[in-house]
Amino acid sequence: RVLPIDPSGDLDGPHGDRATIAEIQAGLLAPQARTSPKYLYDSLGSRLFEAICELPEYYPTRTEAAIFAAHGADIARRIGTGSTLIDLGAGNCAKAASLFPLLQPQQYVPIDISRDFLNEAVGRLQQRFPSIAMTALALDLSGPFALPAAVRAERRVFFYPGSSIGNFAPHEAIAFLRRVRENTCGDGGLLIGVDLAKDAAVLDAAYDDAIGVTAAFNLNMLRHVNHLTGADFDVRQWRHVAFFNAEESRIEMHLEARTALTVHWPGGERRFARGERIHTEDSYKYTPDSFAALLAQAGFTADAVWTDDAGWFAVMHARA
Ligand code: AVI
């Protein structure tokens, strides 16, 4: 028998665990269909996100890097050396690694949901910095998390760059930051990157780039969902939509059905009308003051903020 070509590469049913499958199906069946942004990151999704960070339109990565370059010494003075540096959503670990010479952490703990991608990155990094103890953890940070005993309790500094905090709704961000604070053991802190509200045209371009990398990143989520749930999304039937919602101060990403269609999965299906959308991600934009207020609601005290000249991005330090 000649099997049809399946662009997702999955012909043998769901690979996700029960809870994952149930969560995804509930989101797809909601009146306004939605999926968690965590499903943007399978192995290919993580690589596409790396490519996004190189795009001229996607200013956050290079702007944050410029802030670290300009203010690294000041940041290091505030944090001190010999910390336990815990990198939340570490990805390729490049941002933390750029700070190693200044921060000289005693232990580096990169955490990411994308296990294989993380293991490869940490393997390479450990060779470059053999004197720093490294403990990689594959954890889903979207729920409660606890750090294993292998992570030193002293001077835990949580590093959360890239404005990943923006992918939580504000009330979720507060809950997440509270959980982070509970894991600091009293004498630690938080170094966090926060994207700032700005001209809508700049934001729209950053999330809908000219060569379509962000579109591929968004559409790849459907392949990942096919893999996890056994669904039969046809990526070609969907298009990427992203825009700044000024009222909510957030970028919204959606996938829009190009035509009326039905998606099936083992035990269920969902019909989509032409133009109907799946809401795949929000990316909230703050001001330094609004974010300091959010930190305070989580029990942190913001004690330093560094920004670029245009005021597009902020790096903030907060004490637990
Ligand atoms: C990871 N996160 C901070 C990115 C953002 O800007 O919200 C994810 C992203 N989505 C589209 N482009 C980048």
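First listed ligand is number 1; within each ligand, the first listed atom is number 1.
- Every atom of ligand 1 is numbered from 1 in the order shown, and the set under 4.0 Å from a heavy atom of Tyr41 is 1 (C), 8 (C).
- Across Tyr59, Tyr207, Phe49, heavy-atom proximity to atom 12 (N) of ligand 1 is greatest for Tyr207.
- Taking the ring axis of Phe176 as reference, the NZ or CZ atom of Arg178 does not stay both within 45° of it and closer than 6.0 Å to the ring centre.
- Tyr58 has its ring centre less than 6.0 Å from the ring centre of Tyr207.
- Close contacts between ligand 1 and Tyr58 involve ligand atoms 4 (C), 5 (C), 6 (O), 12 (N), 13 (C) [criterion: under 4.0 Å to a heavy atom].
- For atom 8 (C) of ligand 1, the nearest non-hydrogen atom of the protein is Glu281 OE2, 3.3 Å.
- Atoms of ligand 1 found under 4.0 Å from any heavy atom of Ser283 (numbered from 1 in listed order, with element): 5 (C), 6 (O), 7 (O).
- Close contacts of ligand 1 with Ser163, meaning ligand atoms under 4.0 Å from a residue heavy atom, involve 3 (C).
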(request) Applying side-chain contact (heavy atoms from CB on, under 4.5 Å), run through Trp238 and Phe272 and close with a yes or a no. (result) CA-CA 11 Å; Trp238 296 84; Phe272 288 90; 3.7 Å; yes
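- Of all the atoms in ligand 1, the ones that sit under 4.0 Å from a non-hydrogen atom of Met253 are 11 (C).
- Closest of all the heavy-atom pairs between Val263 and Ala231 is CG1-CB, 4.2 Å.
- Taking a 6.0 Å sphere around CG of Asp309, one finds it holds 12 or fewer heavy atoms contributed by other residues, nucleotides or ligands.
- The shell of residues lying under 4.0 angstrom from ligand 1, judged by heavy atoms, includes Gly162.
- With respect to atom 2 (N) of ligand 1, the closest heavy atom belonging to the protein is Asn167 OD1, 2.9 Å.
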